[in-house]
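Below: one structure, written as structure tokens.
So that the names make sense, note that chain A is the first sequence line, chain B the second, and so on, each numbered from 1.
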Number of protein chains: 2
Amino acid sequence: MKILIADDDPQIVRALRITLTARGYDVITAADGRAALNAAIEHHPDVVVLDLGMPGLSGIEVIEGLRGWSTVPILVVSGRSESWDKVEALDAGADDYVTKPFAADELLARIRALGRRTPAATDEPTIAFGDVVVDLSARLVTKAGVAVRLTPTEWRLLEVLLRNHDRLVSRETLLTEVWGPQYTTDTGYLRLYLAQLRKKLEPEPSKPRYLLTEAGMGYRFTSDGA
Amino acid sequence: MKILIADDDPQIVRALRITLTARGYDVITAADGRAALNAAIEHHPDVVVLDLGMPGLSGIEVIEGLRGWSTVPILVVSGRSESWDKVEALDAGADDYVTKPFAADELLARIRALGRRTPAATDEPTIAFGDVVVDLSARLVTKAGVAVRLTPTEWRLLEVLLRNHDRLVSRETLLTEVWGPQYTTDTGYLRLYLAQLRKKLEPEPSKPRYLLTEAGMGYRFTSDGA
DNA sequence: TCGGGCCCTAACGAATCCCTAACGCCCCCG
DNA sequence: CGGGGGCGTTAGGGATTCGTTAGGGCCCGA
């Protein structure tokens, strides 16, 4: 997780860099407003810690500049403790406001709280093969644009194969993942449900191009149906 | 925008209610931890303002109880100003922490900042399917131009499905979002209320085109009723 | 006190899904 | 040339889940 520290006080920057780096964060720094905006454009941080009292651009201008194109969480650090200053910064688009001097562990906790709110990176990619598109997170399968109905078992089996695309998945692994660890010998289930998946997804179910059999071993999914 | 105020001090509650109501917020209140959790389940607020010093459950327990099933922004208000208290609350899942006494306009600005962070709900003002139009922000449903009356439970169920359009929503998720986290096995509720929604919204309730069932898994809303 | 809306409980066919069983095919090996 | 194991396919019974209806308790306003 990347954090941009925008502060013109070298002492604070150094202290924060050490503390944050030690906790596994990736730290970028900037010493004035213009540099902060450029650094944000270049590095796309996950959280911005912004000192309002920097030379050059005013802190509010930096916030507005960021908000023009980014929704990155902004934590403002300022020596001014008047409530009007806080209101101005928060309404400009800041997400949190801490007055100096501050406790380091409180700042860290607030950074963690802000970082939690950006799970945007968790949406799983969609997988496509032939005219079929599979959206794993939405549990949605379409073939030539129309939705395909899969039963729970069919879906679990397809999911295991897709998550291991281009890799051979042994029969035992498939049985364990789909039916549970006590069914590792009932290979009949696999034949049955693979056939149903092929019937629903393959362009030519009798000649599989994507859901391939490896006799005696298991099955393999490949997206380049050569 | 709905705000849940959880505080056992009637003075503070009264003052906040007046201030927030004057600014157009919908205010719900609770005087202890248990009541706060119940109110959150029932009303699904957009922001929770939580006093840590309430009788009954500890503030941390309330935060954890909410976080078990909800991502609603939580603003903690507390008389304790030690950084350890702040760290504990923030790491438990709170999003902001303000110490008493606080300036009313600062609290309002922080509430606004938190409210901004849930744009996933507001980026889709109206959803249309068939001859039905749903305005999520106005809580209004029309079918062929005439208003449809939905009960509160029906509305919450429809809302969850619409906010996840084209995505499969598991039975467990639906039950948690609509009835609360302790009803995750009562699938009878879903069958009942889905039927009522279909009766009120589907052109042919016995052959659903938009509110689809995926047996054994959950339900899915799709707007392209092919 | 009454009536209506809302929510929950209970129960019943109907639809769906999973598993069992059997048969034909291909390939390998004897 | 004949047998056998692994695979693909089909059909049908049993269990789970779903859709639907009816009825009772609760709260609230008339």
Can you tell me which nucleotide in C:dC17, D:dC7, C:dC7 comes closest to the side chain of B:T153? C:dC7
Under-4.0 Å side-chain N/O to phosphate OP1/OP2 contact, B:W179 with C:dC7: no
Side-chain N,O (B:S206) to OP1/OP2 (D:dG19) below 4.0 Å: no
Specify the residue among A:E154 and B:D186 whose closest nucleotide of DNA chain C lies further upstream toward the 5′ end. B:D186
Can you check the A:Q196 CD to D:dC7 C1' distance for me, whole Å? 15 Å
What's A:T187 touching, base or sugar-phosphate or nothing? Going by heavy atoms closer than 4.0 Å. nothing
OH of A:Y193 versus P of D:dT10: gap in Å, rounded? 16 Å
Between C1' on D:dG8 and CG on A:L197, what's the gap in Å once rounded to a whole number? 14 Å
Phosphate OP1/OP2 of D:dG19 contacted by B:Y219 side-chain N/O (<4.0 Å): yes
Would you indicate what B:Y183 reaches in the nucleic acid, counting non-hydrogen atoms under 4.0 angstrom: base, sugar-phosphate, or nothing? nothing
N or O in side chain of B:R149 less than 4.0 angstrom from C:dG5 OP1/OP2: no
Value in whole Å for how far the P atom of C:dA15 lies from CG of B:L212: 17 Å
Find the distance B:E42:CD to D:dC27:C1' and express it as a whole number of Å. 12 Å
For the residue pair B:H165 and B:F221, categorise the inter-ring angle as parallel (less than 30°), tilted (30 to 60°) or perpendicular (more than 60°). perpendicular
Please determine if B:R156 and B:E177 form a salt bridge, counting it only when a charged side-chain N lies under 4.0 Å from a carboxylate O. no
Please give, in whole Å, the distance from D:dC18 P to B:L175 CG? 11 Å
Which part of the nucleic acid, if any, lies within reach of B:L192 when heavy atoms closer than 4.0 Å are counted: base, sugar-phosphate only, or nothing? base
Under 4.0 Å, counting only non-hydrogen atoms across every strand here, what does A:K199 touch: a base, just sugar-phosphate, or nothing? sugar-phosphate
Write down the distance between OH (B:Y189) and P (D:dC18), rounded to a whole number of angstrom. 16 Å
Judged by atom type as modelled, is there a donor-acceptor pair below 3.5 Å linking the side chain of A:K143 to the main-chain atoms of A:L201? yes
Any base atoms under 4.0 Å from B:G188, or only sugar-phosphate, or nothing? Heavy atoms, all strands. nothing
From C-beta outward on B:R191, which listed nucleotide comes closest to its side chain: D:dT9, C:dC8, C:dA11? C:dA11
Checking side-chain contact (heavy atoms from CB on, under 4.5 Å) for the pair B:L162/B:Y210: CA distance, chi angles, key distance, verdict? CA-CA 10 Å; B:L162 259 53; B:Y210 306 104; over 6 Å; no
Whole angstroms only, please: what is the CG-C1' distance between B:L211 and D:dC18? 15 Å
State which residue, out of B:V27, B:V47, B:L107, B:V49, fulfils the side chain to side chain contact (heavy atoms under 4.5 Å, CB included) condition with B:L20. B:V27
Does A:T213 put a side-chain nitrogen or oxygen below 4.0 Å from OP1 or OP2 of D:dG8? yes
Looking at A:K86 and A:E82, is there a salt bridge between them, counting it only when a charged N and a carboxylate O are closer than 4.0 Å? no
Establish, with yes or no, whether the OP1 or OP2 oxygen of D:dC18 is under 4.0 angstrom from a side-chain nitrogen or oxygen of B:R171. yes
